[in-house]
Amino acid sequence: MPFSHTPSVTQFRLTDDKAGPYGIAAGPDGALWLTLVHRGSVARLTLDGAFEEYPLDAADCRPTVIAAGPDGALWFTRFQDHRIGRVTTDGEVTSFPLPTADGGPYGITSGPDGAMWFTETTGDRIGRITLDGEVTEFALPVAGGFPSAITTGPDGALWFTLNGANAIGRIAVDGDTAVHPLPTDAAGPVGIAADGHAVWFTEILAGQIGRIAPEDGRITEFPLPDRSAKPHAVVAVAEGECWFTEWGAGRMGRITETGDITEHALPDPSSEPHGITVGPDGALWSALETGGVARVERSLP
């Protein structure tokens, strides 16, 4: 597998530029799992470079975000045909339709109750799916909110971004919902992650990283050095430390709770980093929509 290097960063190609690696997650099998949004596939990548692709039953289903489930499988959203997918570590794929049409599922996470929780971008709903495929949907108190990414917070609730409503949402497992408007107008929140104490999120239109305290909803925003970088996904590495992708600038960055920001340029500035995860090796891995992945050592400054 060909590698290209810059200080602190490794980037390598997996497939052609039409496949579109988008979501990425560490699996329980010690491998990385990706969605190929434009080809309608999911894929498995080992740390020694073995890459295997698993086509889905609909090439145009647009698999997007992927997350490890409590059952040892990987779960992912199918944005275009409004289904939730599941793939085992040996490549067996199944999927489940949503009860309401045209929901546009996007974000997905393992919940605190042993189920998977997901967003419905065009349906203004949050969904819950049990491990045997039973789906429950919760309507949100906003119209056109475009709920995007979702994560389990340190308070045992689900937190999600409302890209169209410029807010952060919280939903308890019983469906009780609260909405927290952002201080910056038209910030466009997308990615979200929890670090064990607070919830972090990206503001793709404002070029900022945000942090919200679950106990009182207090929001702090940290402007990036390049406000046009389009921060997209975020992952918590430790309490007070998160990493994020800069989709518009071809970089991966690190931020601490004090607002200290370190950025790492990828070898190809137009590589379009989207999803980000902590790999089985402790490094940060990102899916590059142009056909590859990038890896950054966490120990680097």
Side-chain angles (χ1 to χ4, degrees), residues 1-57 59 61-78 84-95 108-110 116 193 232-238 243-245 250 252 254 264 266-268 271-300:
M1 184 176 295
F3 286 75
S4 56
H5 298 276
T6 64
S8 81
V9 180
T10 305
Q11 177 178 328
F12 55 98
R13 178 170 290 278
L14 301 175
T15 183
D16 61 74
D17 59 5
K18 295 181 175 58
Y22 190 91
I24 187 169
D29 55 348
L32 293 157
W33 287 79
L34 300 103
T35 58
L36 305 183
V37 64
H38 301 310
R39 189 138 70 203
S41 301
V42 293
R44 180 179 185 268
L45 174 67
T46 65
L47 295 182
D48 60 5
F51 179 71
E52 187 167 6
E53 190 173 332
Y54 302 97
L56 303 177
D57 55 353
C61 67
R62 293 183 67 84
T64 48
V65 179
I66 188 167
D71 56 349
L74 287 300
W75 293 72
F76 55 94
T77 51
R78 295 172 43 152
I84 302 299
R86 177 184 183 270
V87 59
T88 65
T89 53
D90 58 4
E92 181 183 349
V93 179
T94 53
S95 69
I108 191 166
T109 192
S110 181
M116 301 299 291
H232 184 261
V234 61
V235 64
V237 176
W243 285 70
F244 54 92
T245 54
M252 293 166 64
R254 172 185 181 270
H264 301 271
L266 302 183
D268 178 5
S271 56
E272 299 185 29
H274 283 286
I276 188 171
T277 194
V278 180
D281 56 353
L284 281 301
W285 291 77
S286 176
L288 309 178
E289 195 170 352
T290 52
V293 292
R295 177 184 184 274
V296 179
E297 292 281 356
R298 182 189 169 199
S299 58
L300 294 171

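The shown structure was predicted, so the numbers you read here are calculated from the model rather than taken from an experiment.
The closest side-chain heavy-atom distance from Ser95 to Ile84 is not below 4.5 Å. Between Pro70 and Met116 there is a side-chain heavy-atom pair separated by less than 4.5 Å. With contacts defined as side-chain heavy-atom distances shorter than 4.5 Å, the pair Arg295/Val9 does not qualify. Using a 4.5 Å heavy-atom threshold, the side chains of Glu289 and His38 count as touching. Proximity of Thr15 to Arg39: side-chain heavy atoms (C-beta onward) are separated by under 4.5 Å at one or more points. Residues Arg44 and Glu53 are not in side-chain contact: their nearest non-hydrogen atoms beyond the backbone lie 4.5 Å or more apart. A 4.5 Å side-chain heavy-atom check between Pro280 and Leu47 finds at least one atom pair inside the cut-off. For the pair Phe12/Leu288, no side-chain contact is recorded, criterion being any heavy-atom separation below 4.5 Å from C-beta on.
Here the shortest heavy-atom pairing between Ala73 and Thr88 reads CB-CA, 4.2 Å. Taking each heavy atom of Gly250 and Pro273 in turn, the nearest pair found is CA-CD, 4.0 Å. Scanning both residues, Ala68 and Ala25, for their nearest heavy atoms gives N-CB, 4.4 Å. For the pair Gly69 and Trp75, the tightest heavy-atom approach, listed with the atom from each and the gap, is CA-CD1, 3.9 Å. Leu56 and Cys61 get closest at one heavy-atom pair: CD1-SG, 3.6 Å.
Taking the six-membered ring where the residue is Trp, Trp243 and His264 present parallel rings, their angle staying beneath 30° rather than reaching 60°.
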Next item on the list: Begin from the C-alpha positions of Asp268 and Gln11 and carry the test side-chain contact (heavy atoms from CB on, under 4.5 Å) through to its verdict.
Entry: CA-CA 8 Å; Asp268 178 5; Gln11 177 178 328; 3.6 Å; yes
Check: side-chain contact (heavy atoms from CB on, under 4.5 Å) between Val235 and Val278: does it pass, once the steps are laid out?
Finding: CA-CA 7 Å; Val235 64; Val278 180; 4.2 Å; yes
Note to self: Pair Ser271, Thr290 - check side-chain hydrogen bond (donor to acceptor under 3.5 Å, both in side chains), show working.
What the structure shows: CA-CA 5 Å; Ser271 56; Thr290 52; 5.1 Å; no
Next item on the list: Would you sort out whether Val234 and Ile276 count as a side-chain contact (heavy atoms from CB on, under 4.5 Å), showing the intermediate values?
Entry: CA-CA 6 Å; Val234 61; Ile276 188 171; 5.5 Å; no
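Using modelled atom types, one side-chain atom of Thr35 and one backbone atom of Gly23 make a donor-acceptor pair closer than 3.5 Å. Here the side chain of Asp17 pairs no donor or acceptor atom with the backbone of Gly20 at under 3.5 angstrom. Panel note: side chain Ser286, backbone Gly275; a donor-acceptor pair is recorded below 3.5 Å.
A distance of 5.5 Å separates CG of Leu45 from CH2 of Trp285, quoted to the nearest 0.5 Å. Here OG of Ser41 is found 11.5 Å from CD of Glu52. Values are rounded to the nearest 0.5 Å.
Checked against Thr277 for a side-chain contact (heavy atoms from CB on, under 4.5 Å), the options Leu32, Leu34, Ile66 give a single hit: Leu32.
Evaluation of the salt bridge (charged side-chain N to carboxylate O under 4.0 Å, His left out) test over residues 63-78, restricted to residues two or more places apart or in two chains, returns Asp57-Arg78, Asp71-Arg86, Arg78-Asp81.
For Val87, the side-chain contact (heavy atoms from CB on, under 4.5 Å) partners two or more places apart in sequence, or in a different chain, are Trp33, Val42, Leu74, Phe76, Val93.
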